[in-house]
Amino acid sequence: MTQELPSRYQPADIERDLYQWWMDRGDFGARADGTRAPYVIMMPPPNVTDRLHMGHGLNNTIQDVLIRFERMRGREVLWLPGTDHAGIATQNVVERLLAKEGLTRFDLGREAFVERVWQHVHDTGATILEQLKALGASCDWSRTYFTLDEGLSRAVRETFVRLYEKDLIYRGNYIINWCPRCLTALSNEEAEKKDVAGKIWYLQYPLADGSGHVTVATTRPETMLGDTSVAVHPEDERYGSLVGQLIDLPLTGRQIPIVADSGVDPEFGTGAVKVTPAHDPLDFEIGQRHGLEPIVVLDVHGHVSDDAPEEFRGLDRYEARQRVVDHFGELGLLEKIEPHQHAVGHCYRCGTVVEPRLSEQWFVKMEPLAAPALEAHRDGRLTFLPKRRGDDFDQWLGGIRDWCISRQLWWGHRIPVWYCDDEACDSPIHVSRTAMERCPSCGGSLRQDEDVLDTWFSSWLVPFSSLGWPDKTPDLAKFYPGNVLATAPEILFFWVARMIMAGLEFKGEIPFTTIYLHGTVRDTQHRKMSKSLGNGIDPLEVVDRFGADALRYTVVSGMAVGTDLILDPDDLENSFAVGRNFANKLWNIGRFVLGNIPEAVRPLTGPGPNAIAPEELTLADRWILARCEETVVTATRAYEQFRLNEAATTIYHFIWSDLADWYLEQIKPRLFGDAPGGDVARAVVAQTFDVALRLLHPVTPFISETLWRRFPGRPDDASIGVAPWPQTDRRAIDAEATTAFGMVQELVSAVRAIRAEYNITPGRAVSIWVSRSHPAFEEEAATIQRLAKVETLHFGEHPKEPGGHAVLTDGTGVFVPLGNAVDLERECGRLGSEHERLEKLIAGQKQKLANEKFLTRAPAEVVDTERRKLASWQDQATVLGQKRQLLGCL
RNA sequence: GGGCGAAUAGCUCAGUUGGUUCAGAGCGCCUGCCUUACAAGCAGGAAGUCGGGGGUUCGAAUCCCUCUUCGCCCACCA
């Protein structure tokens with residue numbers, strides 16, 4: 001595979017075909033029967049509501065980096081993709097589409113509506129998978145799942161039945177969060193608390209005996225229509241004598257008692273609470289304790305129900321609120337109104353203010369499930385990145401409440417419960433793994449529960465349901481438990497925590513050990529990207545314009561663990577410049593390198609007759625090989641520790657600064673023509689670039705593969721994706737070469753700086769004097785001459801004439817004669833400020849080294865280092881002083 | 001109301017356990033270059049009292065306290 005590369009980097013030309021080639025090879029598929037150690041990541045299944053956004057781009061890039069890294073390291077890698085039916089979210093999307101046609105789901109009826117949703121998700125589901133491919137995601141597509149697939153549905157029913165049989169699922173009448181728009185119950189997590197600037201109304205409730213009134217404070221006056229009592233704290237002296245008395249509840253004609261309950265906070269409001277058991281969780285509990293019959297005064301739409309006084313019936317809750325307040329005002333019972341900031345639950349899918357409402361629902365008893373999960377965290381089996389997310393996890397599990405799992409929706413897993421129609425049946429409720437027709441106890445006809453399950457009730461099973469559970473499949477045996485879960489922190493409770501609980505409950509093991517909770521993609525104002533704000537970025541647009549590699553490199557390098565990723569949706573060019581520039585650079589390096597190693601290169605090591613002997617290597621060769629080793633060590637460790645940004649930027653720096661800016665420039669003369677040493681340079685550049693590409697492959701798969709495959713002698717069927725990860729060998733790091741070539745770099749930079757300072761045109765060669773020789777300067781003299789455009793390199797004392805001066809860190813002086821070009825004043829100023837800086841450093845350092853405490857308490861090696869630093873600075877200062885004298889500055 | 005995090009160059013952010021190469025990168029900006037891989041580039045440069053104050057230490061961007069400003073999570077004070 002050595003055909004020539006196009007001269008321009010056009011990602012679109014390579015990515016699509018390359019992805020297909022990978023697919024055809026089958027490297028993304030995992031083998032359940034293999035002997036390699038498994039490495040498993042479950043993709044957080046994107047919702048089929050819509051195509052992917054940049055957050056998915058980030059999430060899946062991270063996963064693919066980890067997956068490709070481990071695949072190259074020889075693991076049996078399974079990255080299992082899927083999509084989520086996303087019950088309430090998807091139903092909402094389709095309902096909105098219907099609304100545009102002037103229809104509601106009720107116009108269609110359940111069956112037709114569900115059919116309509118299926119149509120929608122077929123489209124979006126397919127688009128999502130295509131988008132993932134465009135990003136380069138190396139998933140095992142043969143195992144792709146959808147949470148409504150028959151297999152996963154079977155797992156859902158299985159778990160429901162098992163939990164029911166263990167008494168961990170129950171049905172009951174409790175206060176739940178109700179969305180009056182979606183017309184369904186929500187879990188506590190689905191009711192997002194948002195701070196709202198509201199009001200608190202102080203209402204006077206007259207005592208029935210006419211002896212006065214009790215003032216209650218409320219943020220929801222409309223609920224007073226359903227009040228069944230007023231509660232005070234039992235030890236609240238202000239109200240002690242009133243307990244047991246009756247109140248004439250205004251507007252309703254009802255009388256309600258004053259009760260004492262320790263759930264009341266005497267500090268808040270007036271210390272007297274109006275109790276609405278049907279519309280408030282605390283009130284519900286108080287009602288239960290005092291045997292008060294709840295009155296549901298708000299219906300499913302949030303309108304006042306028929307159990308309220310006639311004049312309010314049918315009113316929207318906010319209209320009713322105003323009407324109630326008005327009435328109290330007219331009756332002279334409205335004591336005061338205060339502004340009040342408080343947290344109000346909002347439906348996480350439509351944003352409507354949820355209404356706490358008494359309703360019969362199915363629940364999962366969570367405490368027994370949470371305990372083992374808590375333990376798994378506390379005994380260190382779970383690792384959270386960043387660590388502090390583990391505290392959130394711990395806190396949530398510690399205070400966990402039961403999970404309302406029934407939803408009054410049509411799109412989702414139907415609850416596997418059947419009710420007997422025969423009222424006389426003594427066992428009317430049947431929970432079953434399979435459809436039931438007749439009542440097993442009385443033979444009567446059955447009807448299935450109309451409701452569906454919370455969408456998360458299928459997602460929490462994914463780590464094993466996607467592998468065939470409850471069957472004992474080879475996949476399950478090989479790939480459960482998995483390793484890493486990478487997702488956004490928003491779904492830590494919805495999904496991650498529940499997966500851990502389900503894994504422990506149904507499989508006896510945590511489903512993964514590392515939980516990588518990455519940041520959020522935000523715009524330049526740090527706002528979360530969203531459709532409604534119009535600040536989203538379509539990953540496909542980025543891929544089209546700059547390539548998947550540019551997208552991937554940008555997001556990986558730009559985000560450390562625990563931080564967000566800021567991108568400007570109005571300036572994609574700038575946002576993705578880092579990745580785009582780097583991809584382009586790689587391409588050009590590739591063109592240069594591959595164009596200069598047209599044939600197989602000599603082996604760098606080994607006993608073969610053609611192998612390169614160590615003494616054939618130049619200093620530059622040894623240096624770049626050492627830098628390459630260092631990069632392998634650092635990057636590998638960074639990948640292992642999930643510091644992907646560090647891995648990416650380390651490799652970037654090696655390729656761009658070390659390899660391209662220095663090494664490639666250094667070897668050019670050897671490469672051109674039949675210059676001596678060309679074979680060695682080719683071998684070294686081939687080796688180091690090959691390693692660099694492999695290190696980089698997890699981040700930029702397309703371009704690394706494209707270039708890597710074209711290396712001379714590469715078999716046509718070789719793929720970098722399954723090439724071995726570079727070995728790390730610290731012993732191969734040649735510290736001496738690193739230091740020595742570093743001096744050469746320093747010298748070249750010093751001369752360049754002087755040239756730039758005095759505007760010496762790039763074409764004009766100069767002579768330079770270096771105060772003392774050094775083996776590195778001798779060996780790389782030609783390099784110095786070429787890279788700094790030096791005609792003659794002199795060693796020793798320089799002529800006494802105007803020129804530019806510099807001092808290297810080891811005290812070596814550098815002189816560039818400039819004839820009349822030199823501006824003496826300017827040069828003196830430059831050297832003067834440099835000298836000043838050094839003197840300050842020296843003074844501080846002397847003080848430090850004179851400090852008895854430092855000498856005795858600091859480790860010997862630190863003291864030693866500091867001494868050497870001082871010596872070096874003093875050397876530099878001396879040389880600088882001489883130069884200044886020569887120039888007549890002093 | 002509780003818990004937690006962040007503040008480093010104009011912008012976006014690195015900085016692993018306090019001490020070599022600790023004050024860095026990319027973008028932006030300034031200067032000069034179309035040097036036959038790359039102008040999406042090359043070379044050089046300006047720019048930060050590491051949010052304020054106090055403390056611990058021989059030594060602090062790094063540890064402790066405090067203040068300010070942002071942000072996140074949790075919460076049945078009606």
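Residue numbers begin at 1 in each chain, while the letters A, B, ... track the order of the sequences. Please read these numbers as outputs of a predicted model, since none were measured by experiment.
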Which letters describe nucleotides 25-36 of chain B, given B = protein heavy atom under 4.0 Å from base, S = only from sugar-phosphate, - = neither? -SS---------
Quick one: [X] [atom1] to [N] [atom2], roughly how many Å, whole number?
X: Ile175(A); N: C76(B); atom1: CD1; atom2: C1'; answer: 10 Å
X: Glu285(A); N: A78(B); atom1: CD; atom2: C1'; answer: 13 Å
X: Arg580(A); N: A40(B); atom1: CZ; atom2: P; answer: 7 Å

Check: Phe576(A) ring centroid to Tyr553(A) ring centroid under 6.0 Å: no
Verify the ring-centre separation between Phe384(A) and His377(A): is it less than 6.0 angstrom? yes
Where do N or O atoms of nucleotides 15-21 of chain B meet protein N or O atoms at under 3.5 Å, pair by pair?
none

Between [N] and [M], how far apart are the two [atom1] atoms, rounded to whole Å?
N: C27(B); M: A46(B); atom1: C1'; value: 16 Å
N: G18(B); M: C63(B); atom1: C1'; value: 8 Å
N: A61(B); M: U20(B); atom1: P; value: 11 Å
N: G3(B); M: U66(B); atom1: P; value: 12 Å
N: C13(B); M: U56(B); atom1: C1'; value: 30 Å
N: C4(B); M: C22(B); atom1: P; value: 34 Å
N: G41(B); M: U35(B); atom1: C1'; value: 11 Å
N: C42(B); M: C34(B); atom1: P; value: 16 Å

Go ahead and name the base partner of A60(B); Watson-Crick or wobble counts if both distances stay under 3.5 Å, otherwise write none. none
Within the structure, does a side-chain N or O atom of [X] lie under 4.0 Å from either OP1 or OP2 of [N]?
X: His340(A); N: A78(B); result: yes
X: Thr563(A); N: A14(B); result: yes
X: Arg401(A); N: A75(B); result: yes
X: Thr276(A); N: A78(B); result: no

Of the candidate nucleotides [options], which contains the atom at the shortest distance from the side chain of [X]?
X: Arg389(A); options: C38(B), C72(B), G2(B); answer: C72(B)
X: Asp392(A); options: A78(B), C73(B), C42(B); answer: C73(B)
X: Phe493(A); options: A75(B), C74(B), A78(B); answer: C74(B)
X: Arg752(A); options: C73(B), A78(B), A43(B); answer: A43(B)
X: Arg8(A); options: A78(B), A40(B), C13(B); answer: A40(B)
X: Phe592(A); options: A43(B), A40(B), A37(B); answer: A37(B)

Has Arg643(A) got a side-chain atom pairing as donor or acceptor with Tyr639(A)'s backbone, closer than 3.5 angstrom? no
Taking Asp564(A) for its side chain and Thr520(A) for its backbone only, find out whether a donor-acceptor pair lies under 3.5 Å. yes
Counting only heavy atoms from other residues, nucleotides and ligands, does the tally under 6.0 Å from CD of Glu736(A) exceed 12? no
Test: Lys585(A) cationic atom under 6.0 Å from Tyr9(A) six-membered ring centre, within 45° of axis: no
Is the cationic atom of Arg752(A) (NZ for Lys, CZ for Arg) positioned less than 6.0 Å from the six-membered ring centroid of Trp662(A) and within 45 degrees of its normal? yes
